[in-house]
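Below: the structure, in structure tokens.
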Amino acid sequence: MTGARRRLTAAQATVRYLVAQQVDGHGGPVPYFAGCWAIFGHGNVAGLGEALQASQDVLPTYRAHNEQGMAHAAIAYAKQARRRRAMVCTTSIGPGATNMVTAAALAHVNRLPVLFLPGDVYASRRPDPVLQQIEDFGDGTVSANDCFRPVSRYFDRLTRPEQILDALPKAMAILTDPAACGPVTLAFCQDVQAEAWDYPEDFFAPRLWRIRRAPADPYDLADLVVRIRAARRPLIIAGGGVLYAGAETLLADLAAATGIPVAETQAGKGALTWDHPCNLGAIGVTGTGVANAAAAQADLVIGIGTRLQDFTTGSRALFQGTERTLVQVNVSAHDAAKQGAVGVVGDAAAVLAGLAPLLAGWRVPADWARSLAAPALAWDEAWQAATAAPKDGGAALPTDAQVLGAVWRQAAPDAVVVCAAGGLPGELHKLWRVRRPGGYHVEYGYSCMGYEIAGGLGVKLAEPEREVHVLVGDGSYLMMNSEIATAVMLGLSLTITVLDNRGFGCINRLQRATGGAPFNNLLADTRHTALPAIDFAAHAASLGAQATKVADIAGLEAVLAQARTGGGVHVIVIDTDPAVSTPAGGAWWDVAVPEVSERPSVRAARAAYDEKTKDQR
Ligand SMILES: Cc1ncc(C[n+]2csc(CCOP(=O)(O)OP(=O)(O)O)c2C)c(N)n1
Ligand SMILES: [Mg+2]
């Protein structure tokens, strides 16, 4: 043995290593891990729990109420921090661990870094079967944590204390790699957490990680420049990769200099502020009229940092230009090659910085910009009509769009809006006007009900100086609201607007659009003997929030204005119309309709569906 050694438990050594990992925080190194979320049980309380307790001043531990919720908060933190920093989540074995699997899938789909340390069964197997242990009749190596394998970018099971010397650097490599980035799961056997080993001191030396900004191959860049210069109707699709690369200013400058219009995906929304002259707004199924009009005509579509999911491409029926070429600028070769694209593998910021001098003096053909002026104006009118406060003073129930308009009018310029599932993400994508980059945080990769409130908490931890507005449907609220109590405990300021349309409004609309009968979505359409009249305000108040139910949009704006001055967790409840979403804009979405049915409306919907699928590339 050479060099100094230190005798620690595997859990103590792990925590020590995590504390030593740093990133450049614009003005000096900051810890890469901002904290550890923990819900203890027999799988981690004695091992990791003891180690975390001793390290509270260098790695804060946060106690949540639900493992999925705390993982959502951790993931939201990383998303809002643009993947430059992350958090750790530790649980007991069994149910605590599997409660995080959904969140792991969410991080996997959205390419977001998070370190999961679920406890695992005994490596020694001496006390087997332990409480909560899955017993596989045919495989002695299986535990509940194997559920994490398909939803982790890196999975490992720690069965000996010295394995962390290998596993932890590998975990860091994945978390900080722009292309491979995603959740890491280190299933930590309960007995191993407590086992001591003589670790080399230098394993715990401070380590500065730099998020690589890989430039593109010069040939690929030159080829892209040739294509742009030859294009008559180019269009940029800005995805989440623009924000994760910190490339929003480079994109704003390149768009302004060249006049290339830009449309935004859900993850990319807010890359440009809403009033940038080249910003056409949202693209795709929940896109603006003007962006989708541009998409239909574009001869060169340049995706930057986008996964091209179906909502972006209108299920591959949106970019209909007969001679159109698709270019995919992406850090990941996997994404760059999608849908037959010409790939430019590289970081969004590096590629945009590389393009700028090569396109100096070049501008898009003037007729392209001119042709988009009328649809832009029409879209602005549609926006006004959808988001304005109701003129009748609120005789009818407000729409989601009207609520969104009210929140937007009352929100601070630097506010962040948080959402994930239901009808709201579509409305927000179309209608929310982002005033500052990073002001739009909608998890629409996994679109996971229950992300909203816990996610808002993570956003607030990541950017405490910004006002955070969570918009959440009644369905999502009921699925996961317990982290309201966590936000209260932590003294955070958070404004949560609950839109109560008494059920799963958007799925009810989708059901009807596919010819289905209203069934099992709105509460009124479910098997029941009594309809619950859920008092969301009373519920939120019981968790410690300052809660109010408002009668209309004017009432909502008044309470929002008050909430801004006071701080703390505010929950504002408003009844909304389940039947209405914004008709303007939008594009087709492929949702397979039954080929045979007794219902004439289903047969009609299938006929329309068969027609639309002909547009798919
Ligand atoms: C965890 C989870 N379960 C199911 C779904 C499918 N789903 C998407 S939206 C939705 C209904 C959401 O209801 P609510 O939050 O009230 O919003 P609304 O549709 O009424 O706007 C459902 C069931 C989902 N996205 N996530
Ligand atoms: Mg609802």
Side-chain angles (χ1 to χ4, degrees), residues 66-69 71-72 75-76 98-110 151 266 285-286 309-311 386 397-404 407 417-432 442-456 470-484 496-514 516 518-526 531-537 539-540 549 571-583 586 589 591-592:
N66 175 298
E67 290 88 354
Q68 185 184 340
H72 286 168
I75 295 161
T98 50
N99 264 359
M100 290 200 298
V101 173
T102 298
L106 186 156
H108 194 278
V109 169
N110 287 286
V151 290
Q266 281 276 14
V285 176
T286 51
Q309 65 136 305
D310 62 350
F311 265 72
L397 282 177
T399 64
D400 288 355
Q402 288 167 342
V403 172
L404 175 166
V407 176
V417 69
V418 184
C419 194
L424 282 162
E427 297 294 273
L428 287 164
H429 192 215
K430 273 187 190 178
L431 301 171
W432 187 267
V442 175
E443 185 282 294
Y444 211 65
Y446 212 46
S447 186
C448 185
M449 291 171 72
Y451 177 86
E452 297 86 350
I453 292 170
V470 174
L471 266 63
V472 60
D474 55 310
S476 281
Y477 180 97
L478 287 175
M479 213 171 262
M480 193 173 295
N481 50 63
S482 47
E483 304 327 320
I484 289 177
I496 302 164
T497 303
V498 183
L499 291 82
D500 181 8
N501 59 11
R502 297 150 309 284
F504 302 156
C506 72
I507 307 297
N508 172 59
R509 294 195 296 274
L510 182 61
Q511 187 169 50
R512 300 175 82 155
T514 51
F519 168 61
N520 205 47
N521 282 310
L522 297 183
L523 293 177
D525 302 326
T526 60
L531 275 183
I534 300 161
D535 187 342
F536 288 94
H539 180 273
K549 170 125 191 199
V571 174
I572 312 172
V573 185
I574 184 163
D575 284 342
T576 52
D577 187 336
V580 187
S581 63
T582 302
W589 184 32
V591 177

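Any value given below was found using the heavy atoms of this structure, including those in side chains, with hydrogens, waters and symmetry copies removed. Counting starts at 1 for both ligands and their atoms, following the listed order.
- Proximity of a side-chain donor or acceptor of Q511 to a complementary backbone N or O of F519 within less than 3.5 Å is detected.
- Scanning the protein heavy atoms around atom 13 (O) of ligand 1, the nearest turns out to be F504 CD2, 3.4 Å.
- For the residue pair T102/Q68, the side-chain donor-acceptor check at 3.5 Å is not satisfied.
- When only non-hydrogen protein atoms are considered, atom 4 (C) of ligand 1 lies nearest to M449 SD, 3.6 Å.
- Distance check, rounded to the nearest 0.5 Å: CZ of R512 to CG of L510 gives 12.0 Å.
- Under the 4.5 Å side-chain criterion, counting only non-hydrogen atoms from C-beta, S447 is not in contact with Q266.
- Distance from atom 18 (P) of ligand 1 to its nearest protein heavy atom, with residue and atom name: G505 N, 3.5 Å.
- For the pair N501 and ligand 1, the shortest N or O to N or O distance falls below 3.5 Å.
- Ligand 1 lies nowhere less than 4.0 angstrom from a heavy atom belonging to A420.
- Ligand 1 has no atom lying under 4.0 Å from any heavy atom of R509.
- Atom CG of residue L499 and atom OG1 of residue T576 lie 5.0 Å apart, to the nearest 0.5 angstrom.
- Counting heavy atoms from C-beta on, the side chains of I453 and H72 never come closer than 4.5 Å.
- Counting heavy atoms from C-beta outward, L478 and I534 have side chains that approach closer than 4.5 Å.
- Taking atom 25 (N) of ligand 1 as the reference point, the nearest protein heavy-atom neighbour is S447 O, 2.8 Å.
- In this structure, the protein non-hydrogen atom closest to atom 14 (P) of ligand 1 is G475 N, 3.5 Å.
- Around the Mg ion (ligand 2), the two atoms OD1 of D474 and O of G503 are separated by an angle of 110°, to 10 degrees.
- For atom 21 (O) of ligand 1, the nearest protein heavy atom (residue, atom name, distance) is G423 N, 2.9 Å.
- Of all protein heavy atoms, the one lying nearest to atom 8 (C) of ligand 1 is I507 CD1, 3.7 Å.
- When hydrogens are left out, the protein atom nearest atom 19 (O) of ligand 1 is C506 N, 2.8 Å; that is the closest non-hydrogen contact.
- The closest heavy-atom contact to atom 15 (O) of ligand 1, among the options G422, S476, P578, comes from S476.
- Residue contact annotation: N501 places an N/O/S atom under 2.8 Å from the Mg ion (ligand 2).
- Ligand 1 has no N or O atom lying under 3.5 Å from any N or O atom of L424, backbone or side chain.
- To the nearest 0.5 Å, atoms CG (L424) and OG1 (T286) are separated by 12.0 Å.
- Close placement of the H539 and Y477 rings is indicated, their centers lying within 6.0 Å of each other.
- Here the side chain of E67 pairs no donor or acceptor atom with the backbone of T98 at under 3.5 angstrom.
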